[in-house]
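Structure record follows, encoded as structure tokens.
These numbers come from the heavy atoms of this one structure, side chains and all, not from hydrogens, waters or symmetry mates. Every chain is numbered from 1 and lettered A, B, ... according to where its sequence line falls, protein lines coming before strand lines. Here the structure is a predicted model, which is why all the values come from computation and not from measurement.
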Number of protein chains: 2
Amino acid sequence: MTTGAGDQPTLATLEAIVLAVTGGTPRVLCVDGDDLPRLPAGRPSAGDRTLELALRRFAAEQAGLELGYVEQLYTFGDMNRAGRDAPAGARVLSVAYLALVHETAPLAGSAWSDVYDLLPWEDHRGGRPPVLDDRIVPALARWAAKGSRAERLARAERADIAFGLSGAAWDGVRTLERYELLYEAGLVGEAAARPGSGIGLAMAIDHRRMVATALGRLRGKVTYRPVVFELLPETFTLLQLQRVVEALLGRMLHKQNFRRLVEGAGLVEPTGEKLATSGRPAATFRFRREVLRERARPGVAPTA
Amino acid sequence: MTTGAGDQPTLATLEAIVLAVTGGTPRVLCVDGDDLPRLPAGRPSAGDRTLELALRRFAAEQAGLELGYVEQLYTFGDMNRAGRDAPAGARVLSVAYLALVHETAPLAGSAWSDVYDLLPWEDHRGGRPPVLDDRIVPALARWAAKGSRAERLARAERADIAFGLSGAAWDGVRTLERYELLYEAGLVGEAAARPGSGIGLAMAIDHRRMVATALGRLRGKVTYRPVVFELLPETFTLLQLQRVVEALLGRMLHKQNFRRLVEGAGLVEPTGEKLATSGRPAATFRFRREVLRERARPGVAPTA
DNA sequence: CGGGCTTATACTCATCACGAGTAGTAGAAA
DNA sequence: TTTCTACTACTCGTGATGAGTATAAGCCCG
């Protein structure tokens, strides 16, 4: 490995995307920034054996949160992403982690934001969001009409695949592709010509991109790993479970089929207790750990 | 964001896992280290707008390689992973990228290594590798017998799931879990008590862990994204395609079903040409780009 | 020049996952 | 007792997947 001439100091930070689902709403933990809200962040120090431990440490110190499930998401290192307090020309490397927690009370200086306030085009539970056809599709069409012929074709293909246009199917997992397309097309606040004119609530620097990455990853993972249970209490009804999954996927699921999937796969076991609801009381369940041995890809949502 | 007291200088490097498949053998590009082979690596410099562009630049400079498909894999930042030339107490952050290329002639100072020489327990194409039952399973059993009762149960569960023991199914994607388990159990050279006694060819520091990460990611991705075509020439026969997929998955596929899957999904289109083989000549195909619009998850291997 | 080898290609069959729908059940509230 | 809400049990059709049978098209060799 040769050390190039253009070496530069590198600043490394850890960013936490802490996710919870409360009452059908997926929420992400934000702290107040100078201007826009931002994700909680910290730096690894010499005493932290691993990056993940560093993250857990500062989540506890800064926000009093004991994180459960934690997974590394992505490392962001573009040149244009230094905050205003960073030395010019320095590259900031941000290692983003996804953490799943149960709902908790909001903490001082921080608050939960609805993920779908940040990314409104991602929530299809109440049907196709109007913002798609009203603003996004026309703007993408304009964006795709620019450039050389080859470039126009490439842009149109990207837009079609990401947003399920021209006969393509909407793929819930492509959240990042969608965000980046909107960014390039100037439709999200951080990149919009006039501040405040963008779609969805803006966040500092590229933090909304990180949330989009997290949502996409989680939507994928839910179909083959039992991660949802990290967001639920010890025991729960099948409808509660379904609501959390729907909140993550951003689409409704067929109730009977969901039940068949989850029970048939042996993902849950009945506790024997009943929980009073506003209708007929529901049986409560808990996660059934043995499923990890029985199935290679125990997911709580259909693959499609 | 508060700046903790324990801040430390951070060294950032990019590591490239460059993969090719030649004649049924998946290979990774290695460069000669002081002692053990290592992955090609470089540093981002101020002129590189993104980390991915930095990677492409130094791959071209250092090895004369023009990378095609590139994807970020994982960022490694444990404390114990500084090379011997690094200042003590410094944390080295390595952002690892996976790159797929067509086979090329070996370059000066670098060579292709068979991935399954590095991770012999991962290749099940010729049946279950003997090293599993001869060395790994007994050693894992010894490893799992240590610690408190709760710890023993947790270890046994991890081993069962990762290696498909006690009725669990072998999951090709869990390459990283397997490598880490072997590491903890002291079975891979880098961690082995006596050097040279480990299973598989050792690499510098944690580079073999990176290769394991890459293989696992690729095995997963192959089932829902048409990445294999990055490893193949423009046109190919279905058997060539199948051999590449099998090389990645480490298991054999049913020929007729593979054909049905690939043709039925519209992943390929016939070129009209025939290629002479050692038997009946085979029709050649090329990747059919339109499939990206037609299918949400166009994969070239079954999900299981 | 025909048998045997190798590889390619075309079908069939059973099973299972999944989307969608019908129907009936259990408790609470009015 | 009605009505509302939510829970639970089945059925049907389609498509994906694993596995196997049969046939075709070249080559090599005796």
Problem set entry | Check: B:Phe287 ring centroid to B:Phe236 ring centroid under 6.0 Å |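 No: the rings miss the under 6.0 Å criterion.
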Expected rows: protein N/O vs nucleotides 5-7 of chain C N/O, under 3.5 Å:
from	atom 1	to	atom 2	distance (Å)
C:dT7	OP1	B:Ser278	OG	3.3

Within the 4.0 Å heavy-atom criterion, would you say [X] contacts the bases, only the backbone, or no part of the nucleic acid?
{"X": "B:Arg260", "result": "base"}
{"X": "A:Ala276", "result": "nothing"}
{"X": "B:Arg295", "result": "sugar-phosphate"}

Length of the line joining [X]:[atom1] and [N]:[atom2], which is rounded to integer Å:
{"X": "B:Lys274", "N": "D:dG26", "atom1": "NZ", "atom2": "P", "value": "7 Å"}
{"X": "B:Leu249", "N": "D:dG18", "atom1": "CG", "atom2": "P", "value": "11 Å"}
{"X": "A:Arg259", "N": "C:dT25", "atom1": "CZ", "atom2": "C1'", "value": "12 Å"}
{"X": "A:Asn257", "N": "D:dT14", "atom1": "CG", "atom2": "C1'", "value": "13 Å"}
{"X": "B:Glu263", "N": "D:dT17", "atom1": "CD", "atom2": "P", "value": "15 Å"}

For this session: Hey, could you give me each pair passing salt bridge (charged side-chain N to carboxylate O under 4.0 Å, His left out) that has a residue in residues 295-304 of chain B? Not counting sequence neighbours.
Result: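 Not a single pair qualifies under salt bridge (charged side-chain N to carboxylate O under 4.0 Å, His left out).
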For this session: Give the C-alpha distance, both sets of side-chain angles, the deciding distance and a yes or no for side chain to side chain contact (heavy atoms under 4.5 Å, CB included) between B:Met210 and B:Leu73.
Result: CA-CA 8 Å; B:Met210 297 183 187; B:Leu73 250 196; 5.5 Å; no
Problem set entry | Distance-only side-chain donor-acceptor flag, B:Arg27 / B:Ser113, under 3.5 Å |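 There is no such pair (donor and acceptor under 3.5 Å, judged by atom type) between the side chains of B:Arg27 and B:Ser113.
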Problem set entry | side-chain hydrogen bond (donor to acceptor under 3.5 Å, both in side chains) contacts touching residues 222-241 of chain B (sequence neighbours left out) | A:Asp171-B:Arg225
Exercise. Should we say atom CZ of B:Arg289 is surrounded by more than 12 heavy atoms from elsewhere, each under 6.0 Å from it?
Worked result: no
For this session: Give a yes or no on whether a donor-acceptor pair under 3.5 Å exists between the nucleobase atoms of D:dT21, that is its base, and the side chain of B:Gln256.
Result: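 Pair found.
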